[in-house]
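Read through the structure below, which is laid out as structure tokens, and then see the notes.
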Amino acid sequence: MSDAPITYASAGVDVEAGDKAVELMKESVRRATRPEVLGGLGGFAGMFDASAIARMSRPILATSTDGVGTKVAIAQALDKHDTIGFDLVGMVVDDIVVCGAEPLFMTDYIATGKVVPERIAAIVGGIARACEEAGVALVGGETAEHPGLLEPDEYDVAGAATGVVEYAAVLGPQRVADGDVVVALASSGLHSNGYSLVRRVIESAGWALDRHVDDFGRTLGEELLEPTRIYTRPLLDLIAADGIDVHALSHVTGGGLAANLARVLPAGTYARLDRSTWTPPAVFRTIQDLGRVPQADIERTLNQGIGFVAVLPEAQAERAIELSRAGGIPAWRLGDVTTLERADIEAGTEVVRGAKGVDGGSVQVVGQHPTT
């Protein structure tokens with residue numbers, strides 16, 4: 001037994017490194033704000049002036065929390081950490097928009113084996129940039145050093161956000177009607193789901209992250225780190241647009257397209273989605289071919305090129321598509337909604353009904369993707 005004194009630093013926690021990380025991230029966090037934010041970086045709690053909420057007729061708060069899964073392993077392997085925070089924000093704030101709410105503020109949490117100030121600042125910089133794009137205030141966060149639990153270069157990220165919507169404007173199954181149309185909004189790539197499958201496939205194939213892939217026009221690692229698209233502002237603009245009455249939205253994340261759409265449809269309805277309306281980007285085909293992944297499995301795991309879907313009246317579908325495209329997000333008519341009694345269900349094709357404990361509608365994905 002050593003007689004040397006044991007300090008926090010000798011136990012593996014560097015308080016000074018944490019302070020330096022805060023200094024490095026200050027400028028980026030300062031840009032991720034809103035007029036309602038009170039105080040600044042370093043407080044025990046983030047403060048947000050809720051006066052505007054108090055003036056609403058019946059304000060409903062919406063909250064969400066998430067992480068980015070094993071995508072962090074790709075960032076760590078490439079020692080590139082300035083985009084993973086962008087993924088975190090997308091996974092959190094875009095869940096809030098599903099019910100029609102405007103995300104207001106967000107907090108983050110980073111756990112790491114060793115605080116490297118520049119790495120922490122890069123992660124938080126990505127979070128701040130995405131918050132700025134989404135119009136969300138980054139009001140606080142925490143960086144925790146966990147020596148002995150995590151390796152020095154390991155870390156994980158999580159976040160939580162809060163938004164608000166008028167009760168009368170809440171989107172969801174209660175608005176969906178027979179004859180509605182399903183509009184797809186394109187993803188920017190894999191987003192932040194299914195990376196356990198993706199990593200297993202590329203490992204089995206022996207592909208290195210620095211391998212140039214002609215179909216991607218860049219390296220495998222660059223493709224896998226493509227940031228998650230932030231849909232918040234374009235979707236809030238769509239909801240507010242004259243002549244548009246969005247009935248439901250669904251964020252296509254874990255579980256895939258069919259299961260996530262089923263969650264926002266009422267029981268007794270059926271949505272028929274047509275694969276012939278789009279071609280999944282090359283990264284999805286590559287992963288499927290490399291791993292010989294069954295079609296049903298890859299569709300339950302990856303977004304297949306669709307990051308969000310909107311359900312709205314048929315007469316408004318083309319205008320919604322135009323507005324989405326004008327906002328920089330490719331969109332197209334993906335399918336239709338009818339009652340289950342009137343549904344033309346294709347025999348031999350899986351029908352997904354509800355998901356994640358929700359007794360929702362039924363969704364069937366039919367047809368084949370166009371060949372390229």
Side-chain angles (χ1 to χ4, degrees), residues 68-71 73-75 77-78 83 86-87 90-91 182-229 231 250-261 271-309 321 324-325 328-335 346 348-350 352 363-372:
V68 298
T70 61
K71 189 170 184 174
I74 306 296
L78 292 173
T83 61
F86 216 91
D87 294 292
M91 296 302 292
V182 181
V183 171
L185 283 71
S187 69
S188 57
L190 293 169
H191 286 182
S192 301
N193 296 104
Y195 273 76
S196 294
L197 171 66
V198 171
R199 290 168 51 241
R200 180 69 182 88
V201 166
I202 62 175
E203 178 187 358
S204 178
W207 281 29
L209 292 174
D210 61 358
R211 179 190 182 112
H212 182 85
V213 182
D214 290 342
D215 285 344
F216 304 163
R218 53 184 172 177
T219 67
L220 173 63
E222 289 169 334
E223 180 70 28
L224 297 186
L225 278 189
E226 177 66 33
T228 299
R229 172 166 274 150
Y231 296 87
S250 182
H251 193 188
V252 183
T253 55
L257 174 61
N260 281 291
L261 176 57
R272 181 183 177 95
L273 310 182
D274 190 352
R275 292 188 189 93
S276 71
T277 62
W278 91 100
T279 300
V283 65
F284 298 97
R285 300 193 306 273
T286 298
I287 295 301
Q288 186 172 10
D289 292 346
L290 273 182
R292 300 180 300 281
V293 183
Q295 184 73 21
D297 195 72
I298 201 161
E299 288 185 341
R300 281 193 298 265
T301 308
L302 303 180
N303 69 57
Q304 294 293 90
I306 299 175
F308 243 94
V309 291
I321 291 169
S324 180
R325 291 173 177 171
I329 303 176
W332 63 94
R333 181 167 172 166
L334 177 63
E346 186 171 304
T349 302
E350 180 185 19
V352 176
V363 179
Q364 191 175 44
V365 186
V366 303
Q368 301 296 323
H369 295 298
T371 56
T372 56

### Summary
With sequence neighbours left out, the residues meeting ring-ring contact (aromatic ring centres under 6.0 Å, His included) with F308 are Y231, H251

#### Entry: Closest non-hydrogen atom pair between H191 and K71, with its separation
O-NZ, 2.9 Å

### Message
Nearest 0.5 angstrom please: M91 CE to F86 CZ, how far?
### Response
14.0 Å

### Query
Do the side chain of N260 and the main chain of G254 share a donor and acceptor less than 3.5 angstrom apart?
yes

### Task
Give a yes or no on whether the backbone of W278 and the side-chain of H369 come within a donor-acceptor separation of less than 3.5 Å.
yes

### Task
Hey, could you give me the OG1/CD distance between T301 and Q304, rounded to the nearest 0.5 Å?
9.0 Å

### Message
Rounded to the nearest 0.5 Å, what separates atom OG in S204 from atom CG in L290?
### Response
8.5 Å

### Query
Donor-acceptor pair, T219 side chain versus E222 backbone, under 3.5 Å?
yes

### Query
Of the options S192, S188, S187, which is the one that meets T228 in a side-chain hydrogen bond (donor to acceptor under 3.5 Å, both in side chains)?
S192

### Query
Any donor-acceptor pair under 3.5 Å linking the side chain of Q364 with the backbone of E346?
yes

### Closest non-hydrogen atom pair, I287 against L302
CG2-CD1, 4.4 Å

### Query
Would you say the side-chain atoms of R272 pair up with the backbone N or O of V363, donor to acceptor, closer than 3.5 Å?
no

### Task
For V352 and A259, work out which heavy atoms get closest and say how close.
CG1-CA, 3.8 Å

### Minimum heavy-atom distance L209-A77, with the two atoms named
CD1-CB, 3.7 Å

### Summary
P281 meets the side-chain contact (heavy atoms from CB on, under 4.5 Å) criterion, sequence neighbours left out, with F284

### Query
How many angstroms lie between CG in L224 and CD1 in I202, if you round to the nearest 0.5 Å?
5.5 Å

### Task
Could you grab the distance from atom CD of Q368 to atom CG of D274, nearest 0.5 Å is fine?
10.0 Å

### Message
For R275 and E299: C-alpha separation, side-chain torsions, deciding distance, then whether salt bridge (Lys or Arg N to Asp or Glu O under 4.0 Å) applies.
### Response
CA-CA 11 Å; R275 292 188 189 93; E299 288 185 341; 2.7 Å; yes

### Query
Looking at CG of L273 and CG of L334, how far apart are the two atoms once the value is rounded to the nearest 0.5 Å?
4.5 Å

